[in-house]
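First the structure, in the form of structure tokens, and then the observations on it.
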Amino acid sequence: MDTTPVANRTHIAFFGRRNAGKSSLLNAIAGQPVAVTSDVPGTTTDPVHKTMEILPLGPVLLTDTAGLDDTGELGSLRVEKAYEELRRTDLAVVVVNAAQGVGTFETAFIEELRQRRVPFVVVLNKCDLHPVSAEEHDALQAKTAAPVATASARTGEGISALRELLAQTAAPDTEELGLTSGLVQEGQTAVLVTPIDKAAPKGRLILPQQQTIRDILERDAIAVVTKEQELRYTLENLRQKPAVVITDSQAFLKVSADTPPEIPLTSFSILFARQKGDLTALTKGVRRIASLRPGDRVLIAEGCTHHRQSDDIGTVKIPRWIRQLVGGEVAFDWTSGLDFPRDIEQYAVVVHCGGCMLTRREMQYRIRYANAHGVDVTNYGMLIAYVQGILKRALQPFPAAALAYSER
């Protein structure tokens, strides 16, 4: 469970006022002192994360946040960071000091959770100092229309029951497709093309390739891994035609030439675009690329940070291809990790990585936020396929997206 990628974990975040006991509660659930605690309000500044397993839910990421009632210039920045966590939160834990109860502040935050469609539970903490009667518990549950737990982070009272409640309430995202869903069936073969060049990490496959292999194996199908130079030989020596060929986007052109037209072809990046985002909406973003003009500004966003190579895909290759398409100078900005600009309307289009390090909820937020401000979003793999003239083929395994592209 320790090796489960953060993007594949259920994100459970703790919110509430300063000194409600959020940090102490997280430590009690984790069974170790993860977050610094004190009686001084505002001890937690930046979000604190802890990976663990909660059965029967599975691997989770627990996140402690700053008090939502923090004040001052720095306090406002801490509150902003806390609200950013909501973008990737699968279950919010609203922590309330039992002696203070749920007031207008908590009620307003709960309404915010409902508007964002974030599931939540309410925890009355410090019940050792202020015992909660059954009548108070039931009244609060009726008022919030949400599960309510009572606990004491100091004595451990109610912590086991709270773990069980979190596991029951944080249901897995049933809308998230498997990476190869609908592409390969039990007993079929998928050929994965994984270039090994100076940009490839030494001694291992990159995360999208690892996750795709795992998804194929979980379907009781067969994953055949090869490099682009050996693809033609690999296909010729398979006993049966593969159900699909999946390639690194940067090898698209050669792989397309070596893959017979009757064999479906796509890329790892496009698989993640479908799983994490909205493939049809991202197809619209490709069309926006075609209408860019000199002087436009483009945002290139990546969900992780990594060492840049001399011919880096995000900072070198994609800008070069876009400038060639436009026939003039285009301005570029870059973001990485969890950063995503609020002033998104300054951009003509956003070109995003596959998002293997982001949760589906975070990726969906980015697409919706950009679209709400009139900015289209597309994906690395889709852009590369478009530049190389093979996007139509790369989208053929996905009928709705292929139709959207053909109607451009």
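Position 1 is the first residue of the sequence, and the numbers go up from there. These numbers were taken from a predicted model, which means no experiment stands behind them. The analysis underlying the following values was restricted to heavy atoms, covering all of them including side chains, and did not include hydrogens, waters or symmetry mates.
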- Message: Determine whether a donor-acceptor pair (N or O, by modelled atom type, separation under 3.5 Å) exists between the side chain of T378 and the backbone of L282.
- Response: yes
- Measure from the side-chain N and O atoms of N237 to the backbone N and O of Y233, and report whether any donor-acceptor pair falls under 3.5 Å. yes
- R154 versus S24, side-chain donor and acceptor atoms under 3.5 Å: no
- Query: With distance as the sole test, does R9 use its side chain to make a donor-acceptor pair with the main-chain N or O of M52 at under 3.5 Å?
  - Reply: yes
- Query: Out of V121, I110, T107, L113, which residue meets the side chain to side chain contact (heavy atoms under 4.5 Å, CB included) rule with T144?
  - Reply: I110
- salt_bridge(K317, D312) N-O dist < 4.0 Å: no
- N/O donor-acceptor pair under 3.5 Å between T65 side chain and F14 backbone: yes
- Message: With a 4.5 Å cut-off on side-chain heavy atoms, are I263 and P242 touching?
- Response: yes
- Query: Where do P147 and T169 come nearest, in terms of heavy atoms and distance?
  - Reply: CG-OG1, 4.2 Å
- Query: Within the distance-only criterion (no hydrogens, no angle test), does the side chain of R163 pair as donor or acceptor with the backbone N or O of I54 below 3.5 angstrom?
  - Reply: no
- Task: Go through the structure and list residues passing salt bridge (Lys or Arg N to Asp or Glu O under 4.0 Å) with D333, not counting sequence neighbours.
- Result: R297
- Task: Step by step, work out the salt bridge (Lys or Arg N to Asp or Glu O under 4.0 Å) result for R18 and D69.
- Result: CA-CA 6 Å; R18 289 173 294 171; D69 60 342; 3.4 Å; yes
- Message: Contact between I213 and D215 at the side-chain level, heavy atoms closer than 4.5 Å - yes or no?
- Response: no
- Minimum side-chain heavy-atom gap V191-I246 below 4.5 Å: no
Please tabulate, for side-chain N and O atoms in residues 183-190, each donor-acceptor pair with protein atoms closer than 3.5 Å (sequence neighbours left out).
residue: Q188; atom: OE1; partner: Q185; partner atom: N; Å: 2.7

- Message: Given 3.5 Å as the limit, does a donor-acceptor pair link the side chain of H137 with the main chain of V148, or not?
- Response: yes
- Within a strict 4.5 Å, meaning less than it, do heavy atoms of the Y347 and H373 side chains meet? no
- Message: Rounded to the nearest 0.5 Å, what separates atom CD in E112 from atom CG in L68?
- Response: 10.0 Å
- Item | salt bridge (Lys or Arg N to Asp or Glu O under 4.0 Å) evaluation trace for E85 with K81 | CA-CA 7 Å; E85 287 298 324; K81 283 289 186 182; over 6 Å; no
- Item | Side chain to side chain, F340 and E84, heavy atoms closer than 4.5 Å | no
- Worked verdict on D64 versus L62 for side chain to side chain contact (heavy atoms under 4.5 Å, CB included): CA-CA 7 Å; D64 184 25; L62 302 180; over 6 Å; no
- Going by the side-chain hydrogen bond (donor to acceptor under 3.5 Å, both in side chains) test, name the single residue among H352, Q250, E302 that passes it with Y380. E302
- Carboxylate-amine/guanidinium contact D70 R78, below 4.0 Å: yes
- So T10 and D90, side chain to side chain donor-acceptor pair (under 3.5 Å) or not? Walk me through it. CA-CA 6 Å; T10 300; D90 298 307; 5.0 Å; no
- Query: Using the ring of each side chain (for Trp, its six-membered ring), is F15 parallel, tilted or perpendicular to F109, with breaks at 30° and 60°?
  - Reply: tilted
- Task: Apply side chain to side chain contact (heavy atoms under 4.5 Å, CB included) to N97 and R17, showing your working.
- Result: CA-CA 9 Å; N97 186 330; R17 301 192 200 204; over 6 Å; no
- Rounded distance [0.5 Å steps], CG in L253 versus OG1 in T247: 10.5 Å
- With side chains defined as the heavy atoms from C-beta onward, is the minimum distance between L325 and L292 less than 4.5 Å? no
- Could you please spell out the steps behind the side chain to side chain contact (heavy atoms under 4.5 Å, CB included) verdict for K227 and V193? CA-CA 5 Å; K227 294 189 294 183; V193 183; 5.9 Å; no
- Query: Where is the tightest heavy-atom contact between F272 and T212, given as atom of each residue plus distance?
  - Reply: CE1-OG1, 4.3 Å
- Message: So V351 and V377, do their side chains get closer than 4.5 Å, heavy atoms only?
- Response: no
- Query: Less than 4.0 Å between a side-chain N and a carboxylate O, is that true for R288 and D376?
  - Reply: no
- Message: Distance check, rounded to the nearest 0.5 Å: W321 atom CH2 versus Y386 atom OH?
- Response: 14.0 Å
- Message: Quick check: closest heavy atoms across N125 and A20, and the distance to 0.1 Å?
- Response: ND2-O, 3.2 Å
- For the atom pair CD (E228) and CD1 (I196), what is the distance rounded to the nearest 0.5 Å? 8.5 Å
- Minimum-distance pair of heavy atoms, taken over all atoms of R88 and T359: CB-OG1, 3.6 Å
- side chain to side chain contact (heavy atoms under 4.5 Å, CB included) between K276 and R366: does it pass, once the steps are laid out? CA-CA 11 Å; K276 299 293 180 88; R366 295 184 178 198; over 6 Å; no
- Message: Could you check whether any side-chain N or O of W334 sits under 3.5 Å from a backbone N or O of L299, counting only pairs where one atom can act as donor and the other as acceptor?
- Response: no
- Gap separating the CG atom of L205 from the CD atom of Q210, nearest 0.5 angstrom: 6.0 Å
- Query: How far apart are the closest heavy atoms of A281 and N371, and which atoms are they?
  - Reply: CB-OD1, 4.3 Å
- Query: Are the side chain of S406 and the backbone N or O of L403 linked by a donor-acceptor pair below 3.5 Å?
  - Reply: yes
- Message: I'd like to check V60 versus L57 (side-chain heavy atoms, cut-off strictly below 4.5 Å). Are they in contact?
- Response: yes
- If you count the non-hydrogen atoms of other residues, nucleotides and ligands that lie under 6.0 Å from CZ in R320, is the total more than 12? yes
- Query: Is the side chain of R393 donor-acceptor paired with the backbone N or O of S256 at a distance under 3.5 Å, no angle test?
  - Reply: yes
- Side-chain donor/acceptor of R293 to backbone N/O of S291, under 3.5 Å: yes
- Separation between CZ (R214) and OG1 (T180), nearest 0.5 Å, reads 12.5 Å
- Strictly by modelled atom types, are Q346 and D343 linked by a side-chain donor-acceptor pair under 3.5 Å? yes
- Query: Distance only, no hydrogens: is a donor on one side chain within 3.5 Å (strictly under) of an acceptor on the other, for S269 and N379?
  - Reply: yes
- Note on the structure: Heavy-atom closest pair (M357 atom, C304 atom, distance to 0.1 Å) is CG-CB, 3.7 Å
- Message: Could you tell me if T89 and H11 have a donor-acceptor pair between their side chains, going purely by distance under 3.5 Å?
- Response: no
